[in-house]
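Everything below concerns the one structure shown next.
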Amino acid sequence: MSVAQALAYPLRWRSRAVTPGAHRGTLSGPGHDFERSVPLAGNRDARRLDLRASLRDPFERVWVRLFRQQATVPVVVLADVSRSMDYRGVTHRRALMVSLAEALAEAAWRIGDPFSLIACDEAPRRELALPQCRSSAGARAAIARLRAFEPQGRSNAGLMKAAALLPHRRSLVFLLTDAHMPLERLDKVLGSLCRHDVVPVLLGDSRERHASARWGIARLQDMESGGERLLLLRPALARAFDDADDARRHALRRTCMKHGRPPLFIDDRIDATLFNRYFFHT
């Protein structure tokens, strides 16, 4: 089974969409989500006859069951395409992001949810945008453009302008980023998306997270500014790097939790089991 076939994103909230789909909805209609029993006189559908409620009624009225219709939920991938996403360690971070975006597009298409894509560096990239669609061919074309794109922007500040490009009704938004930004910016981005259910997917790399404990000289490069510096590697510095990374992840978790969901950390590869478990525990 491929990653796309294994991904699932069950939601705890109800969609207000009128289009039938795979998620719990708020509108009455055909389905299996029981809402309440009502007299047959108010809902003339004898196919849902509720014998127990009818026998309990002292006025001998006939009652029927009323169900809620399942509905669609717009799925949006909001992708960070700044230069830091081009990091190559255990894996190529941008390739990892594209693979996850492709898997999400296929998962949405499989259950009938509309899919859209927004990519940002210093500003939203219009040439990479995909409006809401249910076409698998349209989604594949957008993913192909994202895969061919060469990062140029020195920051991901354009994420703060993405809210205006999202659908008006509540959507499931996957924010794909490495979170290499000030925490204040991440807080503003998540705050601007408060109308939606946002899943912060933070893409990391084990080689980037853990510095070598061996003695030696290393050349570090800032992916966005291009600046370089030499560093003397040593065990004490490796421990300091690990402590700083742990503190950074705790700060990222606190920032994301302020806006309703914890971050989903994905390091090196996509694990469908961990991805699905995230939705069953949040």
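From a predicted model like this one, the values you see are computed outputs, not experimental measurements.
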CG/D80 to CG/L203 distance, rounded to the nearest 0.5 angstrom? 9.0 Å
Test log, rule side-chain contact (heavy atoms from CB on, under 4.5 Å), inputs L104 and F275: CA-CA 11 Å; L104 290 170; F275 182 95; 3.7 Å; yes
What side-chain donor-acceptor pairs closer than 3.5 Å can you find for residues 161-175, not counting sequence neighbours?
residue: S171; atom: OG; partner: R169; partner atom: O; Å: 3.0

So, R94 side chain and P151 main chain: donor-acceptor pair closer than 3.5 Å or not? no
Apply salt bridge (charged side-chain N to carboxylate O under 4.0 Å, His left out) to residues R125 and D121 and explain how you reach the verdict. CA-CA 7 Å; R125 286 282 180 174; D121 45 24; 2.9 Å; yes
With no hydrogens and no angle check, is any side-chain donor or acceptor of N156 less than 3.5 Å from a backbone partner on L159? no
Salt-bridged, R147 to E102, with N to O below 4.0 Å? yes
Quiz question: by atom type and distance under 3.5 Å, do the side chains of Y9 and D113 form a donor-acceptor pair? yes
Between H92 and D86, is there a side-chain donor-acceptor contact under 3.5 Å, judged purely by atom types and distance? yes
Students should find that the hydrophobic cluster of V62, defined by side-chain heavy atoms under 4.5 Å apart, otherwise consists of V38, L40, L49, L51, V64, L66
Nearest 0.5 Å, please: how far is CG in L130 from CZ in R145? 6.5 Å
Regarding D268 and T91, do their side chains bring together a donor and an acceptor under 3.5 Å, going by distance alone? no
Test of understanding: clusters of I, L, V, M, F, W, Y form through side-chain heavy atoms closer than 4.5 Å, transitively. Do I143 and W109 belong to the same one? no
Keeping E122 on the side-chain end and R154 on the backbone end, is there a donor-acceptor pair under 3.5 Å? yes
Identify the two heavy atoms, one from Q152 and one from R83, that lie closest to each other, and give their separation to 0.1 Å. O-NE, 2.9 Å
Membership question, hydrophobic clusters at under 4.5 Å side-chain separation (ILVMFWY): are L202 and Y87 in the same one? no
Can a donor-acceptor pair be found between the side chains of D187 and T255 at a distance below 3.5 Å? no
Between E208 and R93, does at least one N-O distance fall below 4.0 Å, as a salt bridge requires? yes
Take R253 and F265, measure what side-chain contact (heavy atoms from CB on, under 4.5 Å) needs, and give me the verdict at the end. CA-CA 10 Å; R253 180 176 294 275; F265 292 102; 3.8 Å; yes
Which residue in the set R254, R248, K188 passes side-chain contact (heavy atoms from CB on, under 4.5 Å) when paired with L183? R248
